[in-house]
Amino acid sequence: MSNTMTTDNWIKVAQEADFATDVGGCIKHHNKHIAIFNINNRTEWYAIDNICPHKGQNVLSRGIVGDTDGEPKVACPLHKNAFLLKTGQCISDETTPGVRSYEIKCENGEIFINLTT
Amino acid sequence: MIRHNKKNIVVIGNGMVGCKFCANLIDQDEENQFEIITFCEEPRPAYDRVHLSEYFSGKSAKDLELKPMEWYFANGITLHLEDAVSKIDRANKTVFSKKGREIEYDTLILATGSAAFVPPIPGVEKEGVFVYRTIEDLDEMMAYAKNCKSATVIGGGLLGLEAAKATKDMGLATSVVEFAPKLMPRQLDDVAAHRLLQLIEDQDIKCYLNHITTAIEGDGKVEKMTFKGNDDLQTDMVVVSAGIRPRDELAKECGLEVGDRGGVIVDDNLLTSDPDIYAIGEVALHNNFIYGLVAPGYQMTEVVVDQLLGKEAKFTGADMSTKLKLIGTDVASFGNFEGTDVEHDTVVIDDPKKGVYKKLVISEDNKKLLGGILVGDASAYANCLMMYQNGTDLPENPMDLIQSGGGSSAVLAMPDETQICTCENVSKGDILQAMEEHDCCNATEIKNCTRAGSGCGGCVPIVNQLVKAKLKADGKDVNESICEHFNFDRIEMFNRIKADKIKTFEDLLIKHGKGSGCEICKPAAASILASLWNEPVHRFHNLQDTNDHFLANMQKNGSYSVIPRLPGGEVTADKLIVIGQVAKKYNLYVKLTGGQRIAMLGARVDQLPDIWKELLDAGFESGQAYGKSLRTIKSCVGQSWCRFGVQDSSGLAVEMENRYKGLRSPHKLKSAVSGCTRECAEARSKDFGVIATDKGWNLYVSGNGGMQPQHGLLLAADIDKETVLKYTDRFLMYYVRTADKLTRTSTWLNNLDGGIEHLKDVIINDSLGICDELDKQMEYHINTYECDWRAALDNKEFMKRFRSFINTDETDKTIQFEINREQIQPKMANV
């Protein structure tokens, strides 16, 4: 996590305890849905858009998480398109665009995301 | 008689071919130019003679009927039953009947068929000697058989073996005598005939080859048969099936040309020597050949109908390809199966132990399929016939066509034009091209290259099969591992989880895998863990697809379906009202499913627990419609209500559904139970299906109605309920144990070495010595079943996930509906 970021851009969205491990969860900020993933028993956190660009549904947080070549990913529950959690890139289908990924951090049991990234 | 403006077509004979002719003419005669009058000497209209032996296994004369009386009436066809034409007056173009009818014709169709040929053996006139040809023959045989213990069939051809099945079904000790040195000499080569002989003798039907009958002896009625140079045979009954003889008497009498050994001579127009008289079916002698099969007869009807309508059509001979089930054994032959008169090579699989013999005759340049024979397993017939008839080029290794029941290799044998992905219109050829030009070697790479599988994704398993088969055929390594995290297939994963008593995915990953898993290995492992230890699926929630995660099936807009279990498709009025109330309260779309249940669609995650609580309170339980597990067991009302039902099909369906509910398996499982042979529940299209018989139940397995429809195969016949359950227990557990992930029972069986015979051996004869273990595993499943939703609602931690958002109680407003046909349906965002 970058230390140079001003705290103003970080938004507190939830408590660490609200998230189960190795599955996603969705938070709503204004009208935006963000999928948040807690991987490897609360050591790694990721945030990407919840909307799957394939058919435009807000479902990515409900996909199965895993890794490919060590890179964490999520598979969309609708048609199994896979997205890298770090970058949002779609790796299963070259014609499906990626999704946005966001910075996220966990401090004192609280989860913050940075939607400007 | 009254003449109209229409032309009179008189059809003599209302057998299968005569009837087909009438039907074709009615279909095509758009201007209504023809008046059809047909004579039938039998007391009932045309019936299915090909399946005559089914008359003994429960079918009624009515079932065998091709068209009901009402059909003839509705289509203006005059059918004279129990009346035969006795004379044809060609000069005046008139026929006379035995009952005194006198009818003029413009065109006359001879469809008199054939009669059983009865050789002049001394004693054939005795009581107890029968021919096997009509339903009346069968009725007489059945009546006589009541006082018999044994029966002997003269003739080991197709009809003779059918007759032998019939007497066997009547409970008689049955023998077949054949004067040739092999069975079915017209359809099989020596080896195939020998394999068939073994299979038939396995069914307790004794075959005597090279036996020339010299006499049928007995005091007034049959007691024994004597043979030239062989021992006598004691028998209570004799059925003569030594061939057919065309019914050409009428033609002969009126001076039409007939062949030396019978049959009315016809040209390529199927016209006899009189240009107003056609002959079709088994009475017609074309190119000095009588076609003793129904398909060529049907072909002839099309030619004649075309000619009557002024279209160009010729009959230039017909294919003698046949596929049938003889006494429970698949037998098929097509084309030039002996390679007569051509340079050729043969490809043969001969496995006497399994009773399987398959031979392909291929052109010398290895390019074309010329003919072939399949005995014991004819699953490759459709593919082979398609290649033979279309003259398609053979696959590089023709053996693939007939190997392992035509499973994955059958995919490879399909023509290149075959559409694999219907969403994106990708053909088999496109996929092979992608493999060739872009080195694609898995389904994902194929998807990126061709878009196959990017739509609904339903074709992905076939793409996988195709890619694997192609790699194998090219001698390349096929990666059988589940995914990058586990270096082995599902079966191996199953065995390791079982051997090490692994209870969690994390443990499995540490002991046998690497990385952190993915969407492929996690659900596979979860399914095995659930199958083996029967833990409710929510314990493995982070391994599961969203469907299992939320115990509901996700729909295209992110909403979910709710489907309570309705065992056997039965529901009380009270429960139906509850479903209505729940659907109304939560504004859900309601539809009956294909499996006789009621689906409520359009629920948001946050609504699911409330909906299910109301359903559970009313006595419903989870229908597991979201899982790779038992879905439904459809049934008809059966004996309890139906006039034709012979067993309590709904009762059995309910019992089986309650027995197998919740069983986790490599793929979903569907089933059905029918109360009689009419099969209203469509059990043969199911993973396991049960059909009632007079004596008990027939159990069919590995049927499929989905992407590649196939009928289930008979695992056991006429078994009692306890045995149905026992065999089904073992079948399911063996499948759960040995199938690859996401493999339906049909594909599993197609790829199983030894096919259905192997399966029978494992399940019935315990050839692997695992039945005890399979039984115990199923018992464990039954004893530990609990409703997923019941367990979930009791679990506070689990319930936390049923919210649209983690940081607010708001509901997901992006899930929107519009009204169509008075109900909601998803309103999709524009992408």
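Proteins get letters first, then strands, A, B, ... in listed order; numbering begins at 1 in each. Values in this document were obtained by computation on a predicted structure and should not be read as measured data. Heavy atoms only: backbone and side chains are in, while hydrogens, waters and symmetry mates are out.
Here the closest heavy-atom approach between residue A:I27 and residue B:F805 is recorded as C-CD2, 4.0 Å. The two residues A:V13 and B:N807 make their nearest non-hydrogen contact at O-CB, 3.1 Å. The heavy-atom pair separating B:G558 from A:R62 by the smallest distance is O-NH1, 2.9 Å. Here the closest heavy-atom approach between residue B:S516 and residue A:G66 is recorded as OG-C, 4.1 Å. Between A:T68 and B:E484 the shortest heavy-atom distance is OG1-OE1, 2.7 Å. Of all non-hydrogen atoms in A:I64 and B:P523, the two that sit nearest each other are CD1-CG, 3.5 Å.
In this structure, NZ in A:K28 is found 12.0 Å from CG in B:D809, a value given to the nearest 0.5 Å. Between the SG atom in A:C76 and the CD atom in B:E519 there is a gap of 10.5 Å [rounded to 0.5 Å]. The CD1 atom of A:I51 sits 7.5 Å away from atom OG1 of B:T814, with the distance rounded to the nearest 0.5 Å.
Annotation: A:N31, atom CG; neighbour count of heavy atoms from other residues, nucleotides and ligands within 6.0 Å does not exceed 12. For NZ of A:K32, the number of neighbouring non-hydrogen atoms (other residues, nucleotides, ligands) closer than 6.0 Å is greater than 12.
With a 4.5 Å cut-off on side-chain heavy atoms, A:H33 and B:D812 count as touching. Under the 4.5 Å side-chain criterion, counting only non-hydrogen atoms from C-beta, A:N81 is in contact with B:K447.
Annotation: maximal heavy-atom pairing with chain A below 4.5 Å, among B:K813, B:E506, B:K556, occurs at B:K556.
Of the two parts of B:E810, only the side chain, counted from C-beta on, holds a non-hydrogen atom closer than 4.5 Å to a non-hydrogen atom of chain A. At a 4.5 Å heavy-atom cutoff, the contact between A:D69 and chain B is made by backbone and side-chain atoms alike.
Remark: B:H485 pairs with no residue by the ring pair (Phe, Tyr, Trp, His ring centres under 6.0 Å) rule, at least two apart or across chains. In this view, B:E436 satisfies the salt bridge (Lys or Arg N to Asp or Glu O under 4.0 Å) rule with no residue, not counting sequence neighbours.
Judged purely by atom type and a 3.5 angstrom limit, B:K522 uses its side chain to pair as donor or acceptor with the backbone of A:V65.
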